[in-house]
Amino acid sequence: MKTNRNIAIDGDSGSGKSTVGKLLAEKLGFVFIDSGLFYRAATLVIIKNNAEAEKEKWYKLVEESKIEFENGIISINGKKTTLGELRSKEVDNLVSPVSTIPEIRNKITEILRRIAFKRDTVMVGRDIGSVVLKDAFLKIYLTATVEERANRRFKELIKEGVNTTFDEVLNNLRTRDLIDSTRETSPLKIPEDSYVIDTTGLSIDGVVNKILQFYEGKEYALRNGPCSSKSTI
Ligand code: DC
């Protein structure tokens, strides 16, 4: 049986996971999966059904929808979603509470595992190394200061044409950090066997190259037996 080469990248909101993960997947020829987009798709289902205020209905609505992934695009009940709608302010404001629902997490986890089972992926998220792909070939955890993360997300949103301010993005990130790290199911935490990289002040290429070095180190160890232990940067 072929050895699994999935790479799990976890980290705080705006730590650069998606940009780094996408580039890394391109370099390695792996499928890039942004797991946050699946939670955003579940949130979109709730918003489209006008059920924002009816928490008790959330899981049933998500369970009854078909969330699928093909060629880098997520579809809901056969209809393709766009990044614009998945990253809209409405979704931003509801996605953290939606992702605290254990049944919704289980459903998304199942979808993600099915994708990674057949293909080598670079999967980014919050609980990929700790829950979704516990046996990932390589686990990376990215951090950065909240101000740096807000600055990156703000620039991204402006580029995408979203009408917002830096303070709004900063406050939204702070709130989400708090919810994500204190929720009962799969709180954001650093898996023991992951490599931690602080990306504050680092270029995207710099981070990608560091991960590639870890990846090559793992490949080498697999072929020649382990020669290096876990490290923190
Ligand atoms: O990465 P992002 O900002 O697009 O993620 C949106 C939300 O989804 C975030 O607030 C937390 C949640 N999420 C999660 O709980 N687990 C994941 N693996 C990915 C995202």
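When a ligand or atom number is given, it counts from 1 through the structure's own listing order.
Set against the non-hydrogen atoms of Ser99, the atoms of ligand 1 under 4.0 Å away are 11 (C), 12 (C), 15 (O). Each of the following atoms of ligand 1 lies closer than 4.0 Å to a heavy atom of Ser96: 10 (O). Of all the atoms in ligand 1, the ones that sit under 4.0 Å from a non-hydrogen atom of Gly36 are 4 (O), 5 (O), 19 (C), 20 (C). In summary, the atoms of ligand 1 found under 4.0 Å from a heavy atom of Asp127, numbered by their order in the structure, are 16 (N), 17 (C), 18 (N). Remark: ligand 1 atoms within the under-4.0 Å shell around heavy atoms of Arg105 are 14 (C), 15 (O), 16 (N). Short contacts between ligand 1 and Arg176, defined as distances under 4.0 Å to a heavy atom of the residue, involve ligand atoms 3 (O), 6 (C), 9 (C), 10 (O).
Among Arg126, Arg40, Arg87, the residue whose heavy atom sits closest to atom 9 (C) of ligand 1 is Arg126.
Between the side chain of Asn4 and the backbone N or O of Asn6, at least one donor-acceptor pair lies under 3.5 Å.
Between Lys107 and Glu103, none of the side-chain N atoms (NZ, or NE/NH1/NH2) sits under 4.0 Å from a carboxylate O, so this pair counts as no salt bridge. A salt bridge does not link Lys22 to Glu26: none of the charged nitrogens lies less than 4.0 Å from a carboxylate oxygen. For the pair Glu90 and Lys48, the salt-bridge criterion is not met [side-chain N within less than 4.0 Å of a carboxylate O].
Any N or O atom pair closer than 3.5 Å counts here, and Asp34 shares no such pair with ligand 1. Residue-to-ligand polar distances keep Tyr39 apart from ligand 1: every N/O pair is separated by 3.5 Å or more.
For Lys57, the side chain to side chain contact (heavy atoms under 4.5 Å, CB included) criterion is met by Glu54, Leu61, not counting sequence neighbours.
The nearest pair of heavy atoms linking Thr19 to Glu156 is OG1-OE2, 4.3 Å.
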Name every donor-acceptor pair, under 3.5 Å, that has one atom in a side chain of residues 31-45 and the other anywhere in the protein, sequence neighbours excluded.
unit_1	atom_1	unit_2	atom_2	d
Asp34	OD1	Gly36	N	3.2
Asp34	OD2	Ser18	OG	3.2
Ser35	OG	Val124	O	2.7
Tyr39	OH	Arg105	NH2	3.3
Arg40	NH1	Leu86	O	3.0
Arg40	NH1	Asp92	OD1	3.1
Arg40	NH2	Asp92	OD1	3.0
Thr43	OG1	Tyr39	O	2.7

